[in-house]
Each structure stands twice: as C-alpha cells, then as structure tokens.
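Below: the structure, in structure tokens.
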Amino acid sequence: MAEQKILPFYGHGKGRDYCEFSNFYWHDVPYTFVMPEYALQSWTPKEIQCQFSEKAIMALKASLFDDQETFGLIVESMYPDEAKALGRQVQNFQEDLWSKHLEETAFEVVYQKFNSSKRLRELLLKTGNKLIVEAAPTDHIWGVGLAKSDPRIWDPTQWDGKNVLGRALMQAREKLREAPASQAVPKPEAKRARKSQNGDAEQQILPFYSHRPNLPFCEFSNFYWHDMPYTFVMPEYARQRWTPKEIQCQFSEKAIMAIKASLFDDQETFRLIDKSTSPDDTKALGRKVKNFNTDLWSKHLEQTAFEVVYQKFNSFKHLRELLLKTENKLLVEAAPNDRIWGVGLAKSDPKIWNPKQWNGTNVLGNALMQAREKLRDLPAQPQAEPEAGTEPKRARWRRGDAAEPSQAATEVAPTSLPASAFDCYVVLDFEATCDACDKMQMNPQEKEIIEFPLVLVDAKSLKQVDEFRTYVRPTCHPVLTDFCKELTGIQQEQVADAPLWPDARAMAEAWLEDRMQTLGYKRYVFATCGDWDLKTMLPSQCVTSKEEVPMAFRRWLNVKKLYEQFSGKRKDMLGMLEGLALKHEGHHHSGLDDCRNIARILIALVQRGSVIKEDMLSVRQGGYGQ
Ligand code: AMP
Ligand code: MG
C-alpha cells in the first residue's frame, strides 16, 4: 500500500487533467445509462440518455425513492448543476436507504460511463494501479474534503472523507481490465440511435440548445452574447424609408427583431429594439411590434433566419470556424417549447435523433446549415472579415469592448483565451458608504459608491502603467459615518466636493478611452477582487442613479477565482497577498490602495503561469439597473 501512487483529481472544466472523472463532465455525445435493478419502479424506463453522469446518479435517486415527477425533470435537465439541484428535491428521501446503495450507485454510474467510450475506458485503464482520490475540498462523501493543493492529500491516513467517487473509479477500472475488450466498446444500439433515421443513414445529427456560456454550441443561439458588437446590414426586403442601413448587435436576437419592426413599419419599436441591451428585452419588444401580420412574417421567416445567421457567423472568425467544423451534420435546435425555430423536443428526448419524429420546423437549424454552405463557398482568406461595405463602424468603446470592431475578425475563440489576448488589465475597486462593522447594517439599496479608482496594468510588461481616481458624492446618505471614514480613509470634504455618480462614471470612461487610444490598447478586461464591485455595487448604484449598467462593465475577471485556480484556495485580498508572499501596501479599504494591491496579485499570478480563460470571466448578461 505504501508503494501505491496517489492520483488526486478535481473539477470538470474541459482541459483539466482527468476532468472526465467528474460527474459534471460534459460528454460530446450522450450515452445510454441502463437503470440498475435495485432502483427500478414499475414506471422507471429501462434506460436514459446522459450527457453528464450526474444525471444518472440523480435519476437513480429519484427512481429509488419513487418520485416519478422529479425523475422526469432530471431526465429533461440540461446541465449538471440543474440535475444536482433537482436531486436535492427528491421526495420520500431516506438517508439510510440512500447510504445503503451509495457505493453501488457510484460504481454503476462510473462503470457504465467509462464503458460507453473507448477513449474514456483507455483513460481510466492508463491510471494503472494508482490510488484515485477526488480532491473535493468541501465534499466528505464522494471526495475526501481536501483540495489538491493540500499536502494531506498524499497521505490516505489523513483524508477527511470517504472517497466514494475515487473508489468507484478504481472498482470500474478493475472490471474494465477484466472485461474482454469487445465487451467494453459502446453498445451498437446506442450508437445507431444517434444517427439520422431519415433514410440518409450517414448524416449525423447535432442537436443544440441554449446560450448559456460554455455549453457546447451556445454560439448557435440568437441569445448568445458576443464579446463585441458586430454590424448587421438590414436586408432590402425589410427596409422602409426611415430604416438605417445597418445596426450594431451584441446578440443576434436584435437583428431578428429589428427586421420585424422595420418590415411592419413600426419605427418607434425599431428604435427601442436598437437601443435594447438584453436578448430578453429585445424579444419582448419584438412581440409588441405594431401592424404585425402573420402571413407576411411567415413569408420572410426563413430568409430572415438565414440573413441573421449568415451575417453573424461571417462577422467572427471563431464562429465561422465553429460552424464549418460541424461539417455535414444535421443541425437541429432542440428547443422543447419552440416548434418554429426549433423542433419542440429537448436534447434528451430520444426522438431528437429521428427527423421524422420532430415536432417543429427547425428554422434556426436550417438557417445555420444554409449559412454553413455559403461560408464554405467563400474563398479562404481572412474570410471572417465582414463583406466589403459592411465593416462595423468603430463602436464606442463603452458599448462592449475596447477593441476596434474590425478586430472582431481575429477574435480569439472563447474557450482558450491566453493571457495575452488582452492588451491590458483595468483593476477596479469601489468603496461605498457604510456604517457599523457589518455590511448588512445599511439598507443595501442605499449604499452608494464614494470612491472610483482604476489601475491600468500592461499585459505584456506586467507593469502598472497608470492610475485614475475620483471620489463620488453620495446622495442617500451625503454625510459619511465615522465608521466609514475610518474604514476607507475617505474624508467628508473629499466626497462633498466630488462629482455625482453619472459624472464620475463619465470621467472614468473618458480617462480609460483616452488611455486606450494613447497607449494603443485594443482589448482590455476589468479585474476586481471578488464579484461584489460589478455584480452587486454597480448595478445598485445604477438603480439609485436611474441609469443602465454600462455595457463595458458587464464582464470582468474575478482575481479571487484566478487565485483559487492557482492555489486551490479561496482567499480575500489579504490572504492572497500572504499566499503569494507579497506585503500589503497602503491603507486597506482605500479604493486606490486596494487597486494597487489587487494589481500586484494579478501580476504575480500571471507571472507564475496563470492563464486567464474566457470561461473564468464573470459576465452579467442582459437586464440592467436592477
Ligand atoms: P473593499 O472591498 O474592502 O474595498 O470594500 C468595499 C466596501 O465594502 C467598503 O467601501 C464598505 O462600504 C464595505 N465594507 C468593506 N468592509 C466592511 C466592513 N468590515 N464593515 C462594513 N462595511 C464594509
Ligand atoms: Mg476596497
């Protein structure tokens, strides 16, 4: 035993070592999970399709406790966290019975999962005789309650959990090792089920749904949020005298709804759609278009879908490549509630694999395939560049990203963004009115920003290159409490003479725009310590000041997450400094001093090899001022 090597794993993010071991791991193709005998009820289907093994565990749980309704929801669930949350709601749950079957369940789930694919089987077998351990810092049942970075992980006697998942993996490894290879390949029925049964047996089906970041093919959705706006040229058939030649879109739903408003000559709604900042708002506005007439809309629907999809995919290199990579697959929007753009079926519905059984017209899937055809025919140059005459105007940096929109063509694919994808980091740390020693004591809606500092870090040289600070005059509680003055070091006169929020914000924006131009930066990303500044405080300030949350402030890097990825530990600013052997400088809770310290943490992390990936960025999508 002393000789046995230990293999700790944790996390399901694609690209992580052994992310496949996680029950949240996303399989490119769903696999069949056969429900084990001990969990069957009279109503339980023999098998279900899973794209992540968390679904198998939770479905098994619902069946074991005879909760048919939750079982149905779990089978339909689209995401591991959704399945997990549903699993917690299973009725008639009894701890004893669950514990009795827990290890058996873990084994069934893991074995069937790894037996469903050659690649997974080989991955598991390649671990040899290593002692596999789930280094889940907060899970003492499936994991051992220790992070990968905890030295105790290397000593099983010091583990603080049962390692149910690790043990199930080792048991499955045993069984797979014994099974003749032929038994370990995927079941042919499962494979066949995934082929189209429309007579064109060779064409594979690729169902997609949802715009949630990081989901495979989220880019296909019209709600998908582009990092930077692209230009949509209004098609001839939808134009009125008053219709502008083009509009800027950060999600393609806007292009669809703009066409609709223009086609039906509703200039007022068109204007609101053009100004709207979230796909939901846009869609709601589209429903209010006046003079609407179903026949005319239906007549142009497919053409509209094609125009919108084609222009969108032609505006970004990575989107174009993504679409072309689907080759000749039959693209189908698995939208359970949409029988026009989608096919009225969920991804998990076995009928999705047979076009004859679809319940809808698949307008979006068809438009994507048509756009794919046209893009394929284009000459292979820096093709993703917009067609002549359609180059986006230089977007105001405030609406999205600082990049020139023509930069859109060379945008980096969202899944693997190297740190150098940004020219600079803009560290931001608000200070706000407060009292007593507890954040909760002041009505959170009355909290207002009183200091707005920014620190600019060059992403190449990793040096701080500039800084900005303005104080801000609060209106709900214009007089600072002694506590607040002491905490932040900000004096009454400093805020009394300061601009109100809208002016302070405009000053910061103007400063940043000027720095970007002068220093020749195109792409930046805000960096904050935690999500409070841009997720909570800014939106709240915007409500108080009756303005929208500016686009540019809807995406940021949470430095705590970056640190956690580096060290396996979640720490506050002082903890991170300590962990990186950096001395705290200045006055803690002075916004500018905090920014400088956060910048030092960020620099140290990048110097130590941390890579800032798109899926690590926090994004506030849609909605504003709430
Ligand atoms: P910080 O993230 O440390 O810069 O804090 C931002 C804001 O959160 C401060 O300006 C205060 O409004 C509030 N805050 C931070 N720490 C405390 C605390 N210990 N008690 C009350 N409010 C706090
Ligand atoms: Mg601060």
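Order of listing sets the numbers, starting from 1, for every ligand and every atom in it. Note that the coordinates shown come from a computational prediction; the quantities given were computed from them, not determined experimentally. Numbers here simply count residues along the sequence, with the first being 1.
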> What atoms of ligand 1 come within less than 4.0 Å of a heavy atom belonging to F430?
Replying inline: 4 (O), 6 (C)

>> Under 3.5 Å, is there a donor on one side chain and an acceptor on the other for T231 and Q248?
In response: yes

> Salt bridge or not for E564 and K569, using N-O below 4.0 Å?
Replying inline: no

> Taking side chain as C-beta onward, heavy atoms only, is K535 less than 4.5 Å from S618?
Replying inline: no

>> Do the side chains of D150 and R152 get close enough for a salt bridge, i.e. N-O under 4.0 angstrom?
In response: yes

> At a 4.0 Å threshold, what atoms of ligand 1 neighbour a non-hydrogen atom of L487?
Replying inline: 11 (C), 14 (N), 15 (C), 16 (N), 17 (C), 23 (C)

> Is D533 reaching over with its side chain to a backbone N or O of D429, donor-acceptor style, under 3.5 angstrom?
Replying inline: no

> Are side-chain N/O atoms of Y425 and D458 paired as donor and acceptor at under 3.5 Å?
Replying inline: no

> Backbone or side chain, does E451 get an N/O/S atom under 2.8 Å to the Mg ion (ligand 2)?
Replying inline: no

> Taking the inter-plane angle between the rings of H318 and F316 on a 0 to 90° scale, is it parallel (under 30°), tilted (30 to 60°) or perpendicular (over 60°)?
Replying inline: tilted

> Y524 and F526: aromatic ring centres closer than 6.0 Å?
Replying inline: yes

>> Residue-level breakdown please: for I450 versus ligand 1, do any non-hydrogen atoms fall below 4.0 Å on the side chain, on the backbone, on both, or on neither?
In response: neither

> Between M573, K447, H589, which one has a non-hydrogen atom sitting closest to atom 13 (C) of ligand 1?
Replying inline: K447

> Just which atoms of ligand 1 are under 4.0 Å from any heavy atom in T433?
Replying inline: 12 (O)

>> Using a 4.0 Å cut-off to any heavy atom of D429, which atoms of ligand 1 qualify?
In response: 4 (O)

>> What do you get for the angle at the Mg ion (ligand 2) between OD2 on D594 and OD2 on D429, to the nearest 10 degrees?
In response: 110°

>> With carbon and hydrogen excluded and only N/O/S kept, which atom of E431 is nearest the Mg ion (ligand 2)?
In response: OE2

>> With respect to the Mg ion (ligand 2), please indicate if D593 possesses an N, O or S atom at a distance under 2.8 Å.
In response: no

> Has ligand 1 got any nitrogen or oxygen that is less than 3.5 angstrom from a nitrogen or oxygen of W532?
Replying inline: no

> With a 4.0 Å heavy-atom cut-off (strictly under), which part of F483 contacts ligand 1: side chain, backbone, both or neither?
Replying inline: side chain

